[in-house]
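Numbered from 1 within each chain, the chains take letters A, B, ... in sequence-line order.
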There are 2 protein chains.
Amino acid sequence: MAPRKLKSPASPKVVASEPPPSPARRQHKADAKAAKSAAPAKGAAPAKPRPLTRIQREKQDIILEAALEVFSAHGFRGSTIDQIAEVAGMSKPNLLYYFPKKEEIHRRLMSELLVTWLAPLEEMRADGDPFVEIRSYIRRKLEMARDFPRQSRLFANEMLRGAPHIIDMLEIDLKALVDEKAQVLMTWMDQGKITRTDPYHLIFSIWATTQHYADFDVQVRAVLGKGRGGDGRFEDAARYLEQLFLYGLTPRPRA
Amino acid sequence: MAPRKLKSPASPKVVASEPPPSPARRQHKADAKAAKSAAPAKGAAPAKPRPLTRIQREKQDIILEAALEVFSAHGFRGSTIDQIAEVAGMSKPNLLYYFPKKEEIHRRLMSELLVTWLAPLEEMRADGDPFVEIRSYIRRKLEMARDFPRQSRLFANEMLRGAPHIIDMLEIDLKALVDEKAQVLMTWMDQGKITRTDPYHLIFSIWATTQHYADFDVQVRAVLGKGRGGDGRFEDAARYLEQLFLYGLTPRPRA
DNA sequence: CTAACATTTTTCCAACTGGTCAAAAATCTT
DNA sequence: AAGATTTTTGACCAGTTGGAAAAATGTTAG
């Protein structure tokens, strides 16, 4: 039908099986046994962390996908392992074989999420045209709200709870990134290319306006009603936000 | 210190003891007993709903306040009756005497919340100056984010979950209100007083940008850091948002 | 003062939850 | 095909949770 201006990003796969940055503490009972029976050497190799099998990687991905579904809809405490296991199509003990703790699943999800979440801002290039860059950033964020609403809600959930699991990442990594990009924005302001204003709150307002369409989706749909609540709402939002961030609400003479 | 431009609203009391619009189904065991033993008349007065006593009203308010505290921080399923009871300074069974179901507490909280929540938009007058009205609305919403962050988070929580308890109020009352105000905005656009744009998304963007400061407070603080994360952030936000909604980011010649 | 009612506390419970464990089944290696 | 390893299952458990019942204690109108 209507040509979608807001293009989908290529990868539908968000819950990527991350190559363990923190070496995926599996510690199967089998592993433990093996370690006990086969490593008498005292100062020897420090418990060679046996690479993940194919099945392990596959199942972990399935579980993470299911957990995303459940956690994003009910929050951490509101979700049960049974629920996740059911969505993942396996039994609870089986799930617990791959992730020995409920928290572990959540932790993994969160650390992967944060990377995904920061990516769009990282792409904002200092050497590009300010308006093009900002506009692109807004579009990317809006696309994420459209295509990955569960991730957005998972993130929002964590924020609402005071971000207990990622507060330090926020204070360090996120802050560093935003500081850097705020500098970029300030440079553009110094050059008179965009109006002088608070770069931090500018970034906040982009986050807020775009994520709103994922996090408050019910409300948006309810207000727009059947007529306009359909698929077109993201295009409308994109158009409106462009207008807002470019010119605000002051009427300007028709060009 | 710095004079606060953003003035506090007078009333710190948000969890008002609502005069039962839905007649507060109390049904004490005592009540039940009385009804059974004292109402043999078949078609008689339909179980006169005994007016609430002083203590009942007071305790209910205390409970609602405690529940707001707990629910807004942990979500519905993440909160326990014990927790709420402890914050309210009473025992669990005692609390259950006033609200026989956990859900009941939440329901009450939500219906009161929605009223509070819609109020600021209702105040936007069609016969005022567009920019003054919009600016005031933004300020009011921002003040609510600052002064009633728990309510904001409670609301956000419900939205994230798909608004199961208030979806119909959203589709009816909220929609009606927004439709009305969208009309007002359209009139202003027709008169050339504000730029022509999507009035619904305009309202969404006001909601999003203001509530962000309550719902994502941790993130805002983490990014602003110790230096700027303090009390000043709401003034900064107010200034920035005014700029954004008025002129956007396009530089304009100094007046 | 006291009967009638309102409130509070104590005790209890059934369902649910996160998690364990040993044994069975499936898979992989040689 | 046998042996070794990994995966899956079923039974089980201890702690928590929402909630019921009943007894004990206040409170107040007459």
Side-chain angles (χ1 to χ4, degrees), chain A residues 24-39 48-63 66-67 70-71 74-86 88-107, chain B residues 24-39 47-63 66-67 70-71 74-107:
Chain A
R25 273 258 136 282
R26 270 295 35 266
Q27 177 102 14
H28 283 171
K29 280 133 207 171
D31 288 1
K33 201 199 317 180
K36 213 180 297 179
S37 68
K48 187 199 311 176
R50 212 181 280 275
L52 298 191
T53 72
R54 173 183 52 88
I55 294 184
Q56 275 168 352
R57 256 167 308 157
E58 286 175 5
K59 290 288 166 92
Q60 287 193 6
D61 280 0
I62 292 175
I63 293 170
V70 177
F71 281 147
H74 306 290
F76 180 74
R77 289 214 46 192
S79 307
T80 73
I81 301 186
D82 280 292
Q83 262 178 101
I84 300 173
E86 187 181 341
M90 62 182 76
S91 67
K92 176 170 67 167
N94 195 17
L95 183 151
L96 283 171
Y97 170 71
Y98 292 102
F99 289 90
K101 298 261 174 201
K102 187 187 177 191
E103 268 194 9
E104 205 64 26
I105 312 177
H106 194 252
R107 211 189 309 281
Chain B
R25 272 259 137 280
R26 272 294 34 268
Q27 178 104 13
H28 284 172
K29 281 136 206 169
D31 288 1
K33 200 198 316 179
K36 214 181 295 179
S37 68
K48 188 199 309 176
R50 213 179 281 275
L52 298 191
T53 73
R54 173 184 51 87
I55 294 184
Q56 276 168 353
R57 257 167 308 162
E58 286 175 8
K59 290 287 168 88
Q60 287 193 6
D61 281 359
I62 292 175
I63 291 171
V70 177
F71 281 147
H74 307 290
F76 180 74
R77 289 215 47 191
S79 307
T80 72
I81 302 186
D82 280 294
Q83 262 178 101
I84 300 173
E86 187 181 340
V87 173
M90 62 182 76
S91 68
K92 174 171 68 167
N94 194 187
L95 182 150
L96 282 172
Y97 170 71
Y98 292 102
F99 289 89
K101 298 259 175 202
K102 187 188 177 188
E103 268 194 9
E104 206 64 26
I105 312 176
H106 194 252
R107 211 188 309 280

Any A:Tyr97 side-chain N or O less than 4.0 Å from OP1/OP2 of D:dT7: yes
Partner residues of A:Ala66 under the side-chain contact (heavy atoms from CB on, under 4.5 Å) criterion, sequence neighbours left out: A:Ile84, A:Val87, A:Ala88
Mind checking side chain to side chain donor-acceptor pair (under 3.5 Å) for A:Glu103 and listing every partner two or more places apart, or none if nothing turns up? A:Arg107
Nearest whole angstrom, please: distance from the C1' of C:dT17 to the CG of A:Leu96. 11 Å
Of the options C:dT10, D:dG18, C:dA6, whose atoms approach the side-chain atoms of B:Lys102 most closely? D:dG18
Going by heavy atoms in the side chains, are B:Met90 and B:Ile63 under 4.5 Å from each other? yes
Within a radius of less than 6.0 Å around CD of B:Glu86, do more than 12 heavy atoms belonging to other residues, nucleotides or ligands occur? no
Using the closest heavy atom to pick a nucleotide of DNA chain C for each, name whichever of B:Asn94 or A:Pro93 lands nearer the 5' end. B:Asn94
Integer-rounded Å distance: D:dT6 P and A:Glu58 CD: 17 Å
Whole angstrom is fine here: how far is it from CG in B:Leu95 over to P in C:dT7? 14 Å
With sequence neighbours excluded, what pairs up with A:His106 under the ring pair (Phe, Tyr, Trp, His ring centres under 6.0 Å) test? A:Phe71, A:Phe76, A:His165
Which residues share a salt bridge (Lys or Arg N to Asp or Glu O under 4.0 Å) with B:Lys92, sequence neighbours left out: B:Asp82
Main-chain N/O of A:Ser79 paired to A:Lys102 side chain as donor or acceptor, under 3.5 Å: yes
Under-4.0 Å side-chain N/O to phosphate OP1/OP2 contact, B:Lys92 with C:dT10: no
Identify whether any heavy atom of A:Lys101 sits under 4.0 Å from a base atom; if not, whether one sits that close to sugar-phosphate; answer base, sugar-phosphate or nothing. sugar-phosphate
Rounded to the nearest Å, what distance is computed from the NE2 atom of residue B:His106 to the P atom of nucleotide D:dG18? 13 Å
Whole-Å distance between D:dT7 C1' and A:Phe99 CZ? 15 Å
Whole Å only: how far is the OH atom of A:Tyr98 from the C1' atom of D:dT8? 8 Å
Would you tell me if any nitrogen or oxygen in the side chain of A:Lys59 comes within less than 4.0 Å of OP1 or OP2 on D:dT8? yes
For the pair made of CZ in A:Arg57 and C1' in D:dT6, what is the distance, rounded to whole Å? 14 Å
Among residues 77-91 of chain B, which contact DNA chain C at a heavy-atom distance under 4.0 Å? B:Arg77, B:Ser91
